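In this text, all values refer to a predicted model and were calculated from it rather than measured experimentally. So you know, we letter chains A, B, ... as the sequences are listed, proteins then strands, and number each from 1.
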Protein chains: 2
Amino acid sequence: MAIKKDASKNIKEVLRDQINGKLLLPLQKLPSERELSELFSITRISVKSALDSLEIEGLIYREDRRGWFVSPPRVKYNPLSRCHFHQMISEQERIAETQLLGVKSMMAPSSIATILALSELTPIHVLERLRYIDGRAVLFVENCLISEFFPDILSENLAQSLTTLYEKKYGFKNSRSHFDFIPTSAPEHVAHALNIRPGQQILKICRVNYNQHHQIIDCEFEYWRPDAVIISIDNRESF
Amino acid sequence: MAIKKDASKNIKEVLRDQINGKLLLPLQKLPSERELSELFSITRISVKSALDSLEIEGLIYREDRRGWFVSPPRVKYNPLSRCHFHQMISEQERIAETQLLGVKSMMAPSSIATILALSELTPIHVLERLRYIDGRAVLFVENCLISEFFPDILSENLAQSLTTLYEKKYGFKNSRSHFDFIPTSAPEHVAHALNIRPGQQILKICRVNYNQHHQIIDCEFEYWRPDAVIISIDNRESF
DNA sequence: GAGTGGTCTAGACCACGTC
DNA sequence: ACGTGGTCTAGACCACTCG
């Protein structure tokens, strides 16, 4: 008799139970919104609102016009460790892939010039890469390199670790990085690459890197699916 | 003529422009959803969806059944600095307040026992506090203290800095902290205190503190309004 | 072409905040 | 008492994915 009361709460609890109880497994598809609305005798708008809320919680995610799926466990990410993405992921027994989306060379726009502390017109390279965990696109990365520090870098394999490339090819060692973590929404090109809605919530990380001579050499914008990651930091570790 | 095309995009752009152009100022109230739906000739559901999206972006926020407001600028928060909340906020020329919501003493439930690395039934104190910036509730904090380390702490003023109290009253110095940052949704009691919807997105920070003898003495759960903060970290600083 | 989610209309009642 | 957002019904068409 209490069934009709707050229908969206009901469907949320049922789905949460099914996921926590492993009746629905990670990456598994949920029934369609129309099916759910019949199963629970509520409108599709109410179904949607319940799914939205479970999405924010990090339990499920959507793929545009393909359906809703159960989120895999979050990956731990320690930005202060010098660990590469692929190494970090495989240490957690997950599978990492990196895809190079494109490279542009341009003059630094003012927003990026500010971050890189550039006072004049300066050419930069912009790399766009997409990272996958267990086959799911979870991280969109944009690297902005001050071109003069990296002659001929475009002829290298840019799907590998940039840190390693910086060191091996240019002898750069990271002496310092600055990080900003910002909960915000996905810009259009990011949303498209991650297969999420434009405007959907995301975790944005802005990183600025210094070489051993304390020069800023590049910055990086990371856009994480918010259900895919836990940022994990220990203040004892300084490396 | 292109007005009817994607109405929600239109209202979003207009509001964004008004906010960025300072025609709408921080903390200022937006017109009601019904007014907006008339102004833009769209349904209230479409208005809602546009506002939801601007909320995720961090431009506006809602107060339950009171309306929508323009978000003030984000505060920078460096968890690795030893800076107190009040000091940190006032350095940014904002006004900080702390309100003690309540204190409970109990046996550590298993979820917290795990975090505190407790193997037996152990009494803890749980403090709930609410922090304000410029009069707006932005941070809900739950501290779980292992009782035996803190005899008689309940007789102290608990709206002040706990770190200071730990040091002055018990001689504890922080030797290490561990942080987890998790984009997720607000639990019911948190949502209520922050005056947001249960299930709304939030930035959760779990912190574990060690004293100078490398013992875990307490942990802390911070729940930040996601539009209120930028986490800012420099890996050069180890203090 | 069939199925999916994305978006929308045009209403309605409820719960809560404010006065 | 009134205004607000919260939630809901019962449909509709569109854009995209997939087989």
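What separates CG of N195(B) from P of dC16(C) is a distance of 13 Å, to the nearest Å. Regarding L36(B), its CG atom lies at a distance of 13 Å from the C1' atom of dT4(D), rounded to whole Å. Counting to the nearest Å, the C1' atom of dT7(C) and the CZ atom of F40(B) are 18 Å from each other. Per the geometry, CD belonging to E33(A) stands 16 Å off P belonging to dT17(D), to the nearest Å. Computed from coordinates, the K29(B) NZ to dG3(D) C1' distance equals 9 Å when rounded to whole Å. The interatomic distance linking E63(B) (CD) with dC16(C) (P) rounds to 17 Å, in whole Å. Taking atom CD of E38(A) as the reference point, atom P of dT9(D) lies 13 Å away to the nearest angstrom. Nucleotide dT7(C) holds its P atom 15 Å from the CG atom of N10(B), rounded to whole Å.
The listed nucleotides are dT9(C), dT4(D), dG6(D); the one nearest the side chain of S46(B) is dT9(C).
The stretch residues 54-61 of chain A has no heavy atom under 4.0 Å from DNA chain C, so no residue of it qualifies as close.
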#### Entry: Verdict with supporting geometry, I205(A) and I231(A), side chain to side chain contact (heavy atoms under 4.5 Å, CB included)
CA-CA 10 Å; I205(A) 305 180; I231(A) 309 292; 3.9 Å; yes
### Query
Run the side chain to side chain donor-acceptor pair (under 3.5 Å) check on S49(A) and S46(A) step by step: do they pass?
CA-CA 5 Å; S49(A) 128; S46(A) 307; over 6 Å; no
### Evaluation steps, ring pair (Phe, Tyr, Trp, His ring centres under 6.0 Å), between Y77(A) and W224(A)
CA-CA 11 Å; Y77(A) 171 34; W224(A) 283 87; 5.3 Å; yes
### Query
Stepwise, does the side chain to side chain contact (heavy atoms under 4.5 Å, CB included) test hold for R136(B) with F69(B)?
CA-CA 11 Å; R136(B) 175 182 173 223; F69(B) 303 84; over 6 Å; no
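When all heavy atoms of E222(A) and L139(A) are compared, the closest pair comes out as CB-CD1, 3.7 Å. Here the closest heavy-atom approach between residue R94(A) and residue P72(A) is recorded as NH2-CB, 3.5 Å.
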Polar pairs (N or O, both sides) under 3.5 Å between protein and nucleotides 10-15 of chain D?
residue	atom	partner	partner atom	Å
dA15(D)	N3	R65(A)	NH1	3.2

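For R66(A) and dC18(D), the shortest distance from a side-chain N or O to OP1 or OP2 is below 4.0 Å. Note on K48(B): a side-chain N or O is less than 4.0 Å away from OP1 or OP2 of dG6(D).
For H192(A), the NE2 atom counts as loosely surrounded, since its 6.0 Å shell holds 12 or fewer non-hydrogen atoms of other residues, nucleotides or ligands.
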Sequence neighbours excluded and cut-off under 3.5 Å, please list the side-chain donor-acceptor pairs for residues 98-106 of chain B, or say none.
residue	atom	partner	partner atom	Å
T98(B)	OG1	H86(B)	NE2	2.7
T98(B)	OG1	R131(B)	NH1	2.9
Q99(B)	OE1	Y132(B)	OH	2.6
S105(B)	OG	H125(B)	ND1	2.8

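Judged purely by atom type and a 3.5 angstrom limit, R225(B) has no side-chain atom pairing as donor or acceptor with the backbone of V138(B).
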